[in-house]
Number of protein chains: 2
Amino acid sequence: MTGKQPPPSQPKPDERIRDRNEAKILKSAVELFSRKGFDGTRISEIAKASELPKANVYYYFATKEAIYTRLIERVLVGWDIALEHIHPDREPRDALSAYIDAKLTYSKNHASESRFFANEMLRGGQFMSRKQIRHMKEITRERVRVIEGWIEDGKMVRIDPHHFLIMLWATTQFYADFSNVAAVSLEKKRLGAAEFEAARATLVEIVLNNCLPTK
Amino acid sequence: MTGKQPPPSQPKPDERIRDRNEAKILKSAVELFSRKGFDGTRISEIAKASELPKANVYYYFATKEAIYTRLIERVLVGWDIALEHIHPDREPRDALSAYIDAKLTYSKNHASESRFFANEMLRGGQFMSRKQIRHMKEITRERVRVIEGWIEDGKMVRIDPHHFLIMLWATTQFYADFSNVAAVSLEKKRLGAAEFEAARATLVEIVLNNCLPTK
DNA sequence: CAAAAACTTGACGTATTGGTCAGGATATGA
DNA sequence: TCATATCCTGACCAATACGTCAAGTTTTTG
């Protein structure tokens, strides 16, 4: 579980090599984990994809789990950032549109991170810490309150904020996690900029035009 | 890949034992695969969950992949059945509402099948046959045409049918695949009948009330 | 220019995996 | 009852997995 940390690294004069190699490992790992899950991904595969010998991977990360949990931490940051668009000071149309935009852009440019997280959720989030779950819960609750505020102010129609958020999350996520299903549906080989733009337009059309009072 | 089939079974006087054991194996397997993916699931785990010795599992299924592909076949049938609600002879409100209902009910009662399929999609659908992909494509295209028909008839607002379908699929799927995220969002331990009903109501509210002309 | 710290790596060790197999148990049917 | 087809299973095997380690090389630092 824990294992000993790579080195003490008290002086840390120059961490560039470390940073670069860790980045390479994490980048390879997130792609592999996102496709084959925790158990399905072999450390030797990560090593090969990172162009490092396997033993070198173990110099930077004590265990496979250490790589995995580091990635969870990173992905959760992205989750937070996107949600920050939903801010009480903004107008609903502006804020929700920005959120949809941010999430779809993330789905397009960071598809493997998105799939990685989806994979972890399918597992039931067993690798997430209590603290991380609590954080997710709190940050979601905050956004629910923002939407409730908008509803109170008559800026949005009366709708269940939880399910509303879930709907946004599910739909935007879909284009990353199940991009091949989306591609099949759209009769394209792969999703391109045009498809993401159409997705955005349709989503905004359906969601915003119905949930905001002034059409 | 292929392996030899369990037995020739030409006479087949009584297949009840075979059927019962295969069912037990498949039931255990779909739950395990849905959580840990193909590589993450061990045949010994499937055997233990099925209360059979491992060698007996191999009597019924030649390889792990054989179990997996059988499950894909089964899940795709469910996919078809739900989509049949979207039928040109029905009124959009009725049909779409029935589809949402069917999908959410499936998410509630067959969560592991749903997660299993999600897992396979995350992998990029590598275990699906060309034929199966083609079938998915065709059946989706049919439903797109139905919606296009409704739009032509003025029964629905002008909206991209592909992205509209994706939205429905993504949202309903979410409650099965990421039920724990949904639970966190809803501040419940687990999703119950009440949550599914609220999900249905919210979805219908957002989707139908905006996409059908007469409010 | 040493000495120390940081980094690299081929060669293991132990545990587990998917899958095999030979031989036995059980059921069917004439 | 006996022959045949079906069903069951403990023991086994080769391959491979994660993780270790000792013996390096390279870089930093005093």
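Within every chain, numbering begins at 1; the chains are lettered A, B, ... in the order of the sequence lines, protein sequences first and strands thereafter.
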Let me know, please, whether B/Leu52 or A/Thr41 comes out on the 5' side of the other along DNA chain D by nearest nucleotide.
B/Leu52
Length of the line joining [X]:[atom1] and [N]:[atom2], which is rounded to integer Å:
X: A/Glu51; N: C/dT8; atom1: CD; atom2: C1'; result: 15 Å
X: B/Lys54; N: C/dG18; atom1: NZ; atom2: P; result: 7 Å
X: A/Tyr60; N: C/dA6; atom1: OH; atom2: C1'; result: 8 Å
X: A/Phe61; N: C/dT8; atom1: CZ; atom2: P; result: 13 Å
X: A/Leu32; N: D/dA17; atom1: CG; atom2: P; result: 13 Å
X: B/Ile43; N: D/dG10; atom1: CD1; atom2: P; result: 17 Å
X: B/Tyr68; N: C/dG19; atom1: OH; atom2: C1'; result: 20 Å
X: B/Arg20; N: D/dT6; atom1: CZ; atom2: P; result: 18 Å

Counting only side-chain nitrogens and oxygens, does [X] get under 4.0 Å of the OP1 or OP2 atom of [N]?
X: A/Arg18; N: C/dA6; result: no
X: A/Tyr58; N: D/dC21; result: no
X: B/Tyr59; N: D/dC7; result: yes
X: A/Asn56; N: C/dG10; result: no

More than 12 foreign heavy atoms under 6.0 Å from NZ of B/Lys27: is that the case here?
no
Who passes side-chain hydrogen bond (donor to acceptor under 3.5 Å, both in side chains) against A/Asn180, sequence neighbours left out?
none
Residue A/Asn21, side-chain atoms from C-beta onward, closest of D/dC8, C/dT8, C/dT9:
C/dT8
Computed from five pairs at either end and rounded to 10 degrees, the angle between the axes of the helix from C/dC1-D/dG30 to C/dA30-D/dT1 is 10°
Between B/Phe174 and A/Ala170, what is the shortest heavy-atom contact and its length?
CD1-CB, 3.3 Å
Would you say the side-chain atoms of B/Glu195 pair up with the backbone N or O of B/Ala183, donor to acceptor, closer than 3.5 Å?
no
Spacing of NE2 belonging to B/His135 relative to OG1 belonging to B/Thr140, to within rounding of 0.5 Å:
9.0 Å
Is the A/Phe116-A/His110 ring centre distance short of 6.0 angstrom?
no
Can a donor-acceptor pair be found between the side chains of A/His85 and A/Arg90 at a distance below 3.5 Å?
yes
